[in-house]
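The structure appears below as structure tokens.
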Amino acid sequence: MRQNILVIFTINTEYLPEHFQEIIKHEQEVVAQWKEEGILEHLFLRPTRNGAVLVFKAIDELKAQELMATLPLFPYMKSVKYLSLIKEF
């Protein structure tokens, strides 16, 4: 069943590589591509700057997990939560 999926992730900021800024740049490119393809509805940065919240549309949780695993930051994530949403209005 296709639905909206909310993904909340936190980066392990204690173990960031020296080339972290390059990883961030590539991450932004990947996310921009998802937005262009119409599968990413929203991206929110967390105020603590240690993670983000993404809202995918018209995909299932398994697809969201597959997409998240392709992110350059994925190896540095200490937690990733997936929540299925049903849009009310």
All N/O donor-acceptor pairs, side-chain side in residues 47-54, below 3.5 Å, sequence neighbours left out:
from: Thr48; atom 1: OG1; to: Asn50; atom 2: OD1; distance (Å): 2.4

Side-chain polar contacts of residues 5-30 - donor-acceptor pairs under 3.5 angstrom, sequence neighbours left out - could you list them?
from: Thr10; atom 1: OG1; to: Arg46; atom 2: NH1; distance (Å): 2.6
from: Thr10; atom 1: OG1; to: Ser79; atom 2: OG; distance (Å): 3.4
from: Asn12; atom 1: OD1; to: Glu14; atom 2: N; distance (Å): 3.3
from: Glu27; atom 1: OE1; to: Leu73; atom 2: N; distance (Å): 2.8

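Under the 4.5 Å side-chain heavy-atom criterion for ILVMFWY residues, no single connected hydrophobic cluster contains both Leu85 and Met68. Linking ILVMFWY side-chain heavy atoms closer than 4.5 Å, directly or via other members, places Val55 and Phe74 in two distinct hydrophobic clusters.
Among residues two or more places apart in sequence or in another chain, the side-chain hydrogen bond (donor to acceptor under 3.5 Å, both in side chains) test is passed with Glu36 by none. By the side-chain contact (heavy atoms from CB on, under 4.5 Å) test, Lys63 is found to be paired with Ile59, Asp60, Glu66, Leu67, residues two or more places apart in sequence or in another chain being considered. Checked against side-chain hydrogen bond (donor to acceptor under 3.5 Å, both in side chains), Glu41 has no partners two or more places apart in sequence or in another chain.
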**Asked** Run the side-chain contact (heavy atoms from CB on, under 4.5 Å) check on Gln33 and Leu40 step by step: do they pass?
**Response** CA-CA 9 Å; Gln33 181 65 36; Leu40 182 66; over 6 Å; no
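Applying the ring pair (Phe, Tyr, Trp, His ring centres under 6.0 Å) test to residues at least two apart or on different chains, the pairs with a partner in residues 30-55 are Trp34-Phe56, His42-Phe44.
In terms of heavy atoms, Gly38 sits closest to Lys57 at O-CE, 2.9 Å.
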